[in-house]
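Structure first, commentary second.
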Amino acid sequence: MNLFAEIRTLVTDSLTALAAEGVLPAGLDHAQVAVEPPRDPAHGDMATNAAMVLAKPAGMAPRAIAEALAARLAQDPRVAGAEVAGPGFLNLRLSAVMWQGLVKAVLTEGLSFGKSGMGAGRKVNVEFVSANPTGPMHVGHVRGAVVGDALSRLLAFAGWDVTREYYINDGGAQVDVLARSAYERYREANGLEPEIREGLYPGDYLIPVGEALKARFGTSLLDKDESVWLAEIRDIASAMMMEEIRGDLAALGVRMDVYSSEKALYGTGQIEAAIDTLRGMGLIYEGVLEPPKGKTPEDWEPRVQTLFRSTAHGDDVDRPVMKSDGSWTYFAPDIAYHFNKVQRGFDELIDIFGADHGGYVKRMKAAVSALSNGRVPLDIKLVQLVKLYKNGEPLRDVVEQAGADVTRFMMLTRKNDVTLDFDFAKVLEQSKDNPVFYVQYANARINSVLRKSREAGIDCSDAALAQADLAILSHPAEIEMAKKLAEWPRLVEIAAKGNEPHRVAFYLYELASEFHGLWNKGNDDTSLRFVQEGNAATSAAKVALARATGVVISAGLGILGVTPVEEMR
RNA sequence: GGCCCCGUAGCUCAGGGGAUAGAGCGGCCGCCUCCUAAGCGGCAGGUCGAUGGUUCGAAUCCAUCCGGGGUCACCA
């Protein structure tokens, strides 16, 4: 049940009826007509811009349209009042029954309340994390993981068919470096002094890899040339690192549907096929790039390269796909991988990159645009860096200390393209300064209400509460609470439309705030307490409101991947 | 220098064509014989970086500029 959608339909139906009566010209486009919560609650429950939007095409004064529309809407039983205001806004007040009915709808629909059919089952692929398999995840990856996971849950809730995917960059030079680093740890495991040269990975996390190599090869690879062991150690080490990363993701509560390997693309002809496809479109050529404008690198020299004409699809310069030694650049398998996603039949692609990869956005979009003939949109979300206060902690420690739920919520309290401060002290604090706690506390209070209510002998199943006499919910503060709940389905659609899961976190904070406010009013006005001594009918209605709030909090936290707590400890 | 992101209250940030621009923190003033005060209410605080433009209307869209960050041809 989406009240805003319902009333919007009422408005557009009324406009159509007015056109049929000749009050408005026929054939007006209603696409720009919006029904929204007004900025100022004093303006009513919902406002529509219909009159202002239609004034010009209808050739009428906005207020004239608004008045005609108001008169018509006022006849509908759902509408308690319609007033023209300002330059032509039409402010609507809904009858109390609507809000009471909404509470019932939440209890009836449960965690499905707010689900949307907006995605219409379209297949979307969300690629995220995709950290190189050269070490454990760090805090920066965590944010990408959380954003991608929450976005996936959000899109699924809004009606998309979602595939979560991890692209393993195991085909380039960085895994050779990994292998050489692991080899040194292997020597170390055999009692030799490791030589961690400049450019190798120095991290302790490779020590167990060295041990494993010793267990497997004994001393047989010592003093052997790298040509003997490189490929094998590379595979072993990167597999072990992927295990590490899968463990990190699991600790965070992030699940992937598909792991795709870059290395697996080599030798299958897929890269060649993708490039040939582009060649067939006349988008591959041999050429020389201009030096970067303004700043020419010291060692720049004109060089003939195999280039992708990405400028034909919106990029600023064309991009090399092949090195002079005839091997592919990193970009070529990336193209093939995205081509693969297109061929698998996805209707939409989403990539979540670290902000340091911002320079690849245009070329990646150009490739997808070309390879799908403009059919498949690719949205790339850049996730800004995380500033960790308390420094240098590897991921497991962060999650172990703060908890996956807290970590996840905090990572979503910022838009993806803004840097995020992750302060341990704050995050673990049990106070209203900590948004995670604040939202969880509201849920805990709701559970407390349900407990008390059950002790008072009231049936608190959702089915029973939905049957309560909700007309009892008439106090303005209670109606306000219901109005906030009514925004949930609308928020889901807005967040899904923009691929912006952080909106859910902000909404939950507002919802919790509304609830804490209502709770506290019970201190001064005992008639606003949820459990009313000796009055089962009144209690049931009020508890129903609390429970409905709890349902929406749970649904919202579910999208963030955060477990709602029953009580604070 | 090119491209991308950011610039909104003292601080951290929402809002991204609509009516007097919001929240939290910090500051000041209030609220516990009462379901969890781990909370709630109120006050003070703004030329929405600047300047032009688009239109009935701009924090929001466009252009130019100013700050801050990222990135920039055979590294992924």
Side-chain angles (χ1 to χ4, degrees), chain A residues 32 34 36 38-40 42-43 47 49 52-53 55-56 61-62 85-89 91 132 134 169 171-175 177 262 288-297 299-307 315-331 333-334 354-362 382 384-385 413-421 423 426 429-435 437-438 440-442 444-445 448-449 451-453 455-456 498 502-503 505-506 509-510 513 516-524 526 529-533 546 567-568:
Chain A
Q32 297 302 311
E36 306 173 316
R39 204 176 271 266
D40 186 343
H43 291 148
N49 62 354
M52 286 179 292
V53 174
K56 186 172 276 186
F89 283 102
N91 293 327
N132 292 341
T134 54
N169 283 109
Q174 76 283 0
V175 280
V177 174
E262 174 191 0
V288 178
L289 289 176
E290 297 285 311
K293 290 189 179 106
K295 192 198 89 180
T296 304
D299 57 347
W300 192 88
E301 55 187 48
R303 189 185 289 142
V304 177
Q305 299 171 97
T306 304
L307 301 170
D315 202 355
D316 304 310
V317 291
D318 294 337
R319 307 291 177 176
V321 294
M322 191 180 274
K323 304 178 192 173
S324 55
D325 68 0
S327 66
W328 300 114
T329 64
Y330 72 92
F331 187 38
D334 248 5
D356 56 340
H357 286 58
Y360 309 111
V361 170
K362 285 190 179 181
L382 296 179
Q384 268 290 353
L385 85 172
T413 55
R414 216 88 319 167
K415 270 190 303 199
N416 59 281
D417 44 19
V418 164
T419 58
L420 174 107
D421 294 339
D423 184 342
K426 194 122 241 165
E429 201 170 290
Q430 302 263 302
S431 81
K432 62 178 175 156
D433 298 357
N434 180 352
F437 169 81
Y438 187 77
Q440 293 281 30
Y441 183 38
R445 278 182 155 173
S448 165
V449 167
R451 269 197 307 277
K452 296 270 177 194
S453 176
E455 284 166 15
H502 73 277
R503 287 179 185 269
F506 281 92
Y509 186 86
E510 292 168 14
S513 181
H516 286 308
L518 177 58
W519 174 287
N520 208 251
K521 283 194 176 70
N523 285 337
D524 299 327
T526 54
R529 295 185 188 175
F530 295 101
V531 181
Q532 297 287 320
E533 291 285 322
E567 63 187 317
M568 307 308 296

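Numbers restart at 1 for each chain; the letters A, B, ... are given by sequence-line order, proteins then strands. FYI, side chains are in, hydrogens and waters are out, and symmetry mates aren't considered; it's all heavy atoms of this structure.
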| Is a side-chain donor-acceptor pair under 3.5 Å present for A/Ser327 with A/Asp325? | yes

| Using Watson-Crick and G-U wobble pairs whose two distances are both under 3.5 Å, how do you write the pairing of RNA chain B as dot-bracket, with | for links to another strand? | (((((((..((((....[...)))).(((((.......))))).....(((((..]....))))))))))))....

| query | With A/Arg445, which residues qualify under salt bridge (charged side-chain N to carboxylate O under 4.0 Å, His left out), at least two apart? | reply | none

| message | Ring-plane angle category for A/Phe506 and A/His502, please: parallel below 30°, perpendicular beyond 60°, tilted otherwise. | response | perpendicular

| ring pair (Phe, Tyr, Trp, His ring centres under 6.0 Å) partners of A/Phe331, counting only residues at least two apart | none

| message | How many whole angstroms separate atom CE of A/Met322 from atom P of B/rC75? | response | 14 Å

| remark: Relative to its sugar, using the 90° cut-off around 0, the base of B/rC11 is anti

Between the protein and nucleotides 33-37 of chain B, list the N/O to N/O atom pairs that are separated by less than 3.5 angstrom.
| unit_1 | atom_1 | unit_2 | atom_2 | d |
| --- | --- | --- | --- | --- |
| B/rC34 | O2' | A/Arg529 | NH1 | 2.4 |
| B/rC34 | O2' | A/Arg529 | NH2 | 2.9 |
| B/rC34 | O2 | A/Asn523 | O | 2.8 |
| B/rC34 | O2 | A/Arg529 | NH2 | 2.6 |
| B/rC35 | N4 | A/Trp519 | O | 3.1 |
| B/rU36 | OP1 | A/Ser448 | OG | 2.9 |
| B/rU36 | O2' | A/Tyr441 | OH | 2.5 |
| B/rU36 | O2' | A/Arg445 | NE | 3.3 |
| B/rU36 | O2' | A/Arg445 | NH2 | 3.0 |
| B/rU36 | O2 | A/Tyr441 | OH | 3.3 |
| B/rA37 | OP2 | A/Arg445 | NH2 | 2.9 |
| B/rA37 | OP2 | A/Trp519 | NE1 | 3.1 |

Kindly give the atom pairs (protein nitrogen or oxygen, nucleotide nitrogen or oxygen) under 3.5 Å for nucleotides 70-73 of chain B.
| unit_1 | atom_1 | unit_2 | atom_2 | d |
| --- | --- | --- | --- | --- |
| B/rG70 | O2' | A/Ala355 | O | 3.4 |
| B/rA73 | O2' | A/Gln305 | OE1 | 3.3 |
| B/rA73 | N6 | A/Asp299 | O | 3.1 |
| B/rA73 | N6 | A/Trp300 | N | 3.2 |
| B/rA73 | N6 | A/Glu301 | N | 3.3 |
| B/rA73 | N1 | A/Glu301 | N | 3.4 |
| B/rA73 | N1 | A/Glu301 | O | 3.1 |
| B/rA73 | N1 | A/Arg303 | NH1 | 3.0 |
| B/rA73 | N1 | A/Arg303 | NH2 | 3.1 |
| B/rA73 | N3 | A/Arg303 | NH1 | 2.9 |

| request: Whole angstrom is fine here: how far is it from NZ in A/Lys521 over to P in B/rG41? | output: 6 Å

| request: Classify every nucleotide of nucleotides 8-21 of chain B by which part a protein heavy atom approaches to under 4.0 Å, writing B for the base, S for the sugar-phosphate alone and - for neither, in 5'-to-3' order. | output: ----SSSSB-BBBS

| Rounded distance in Å between the C1' positions of B/rA21 and B/rG15 | 8 Å

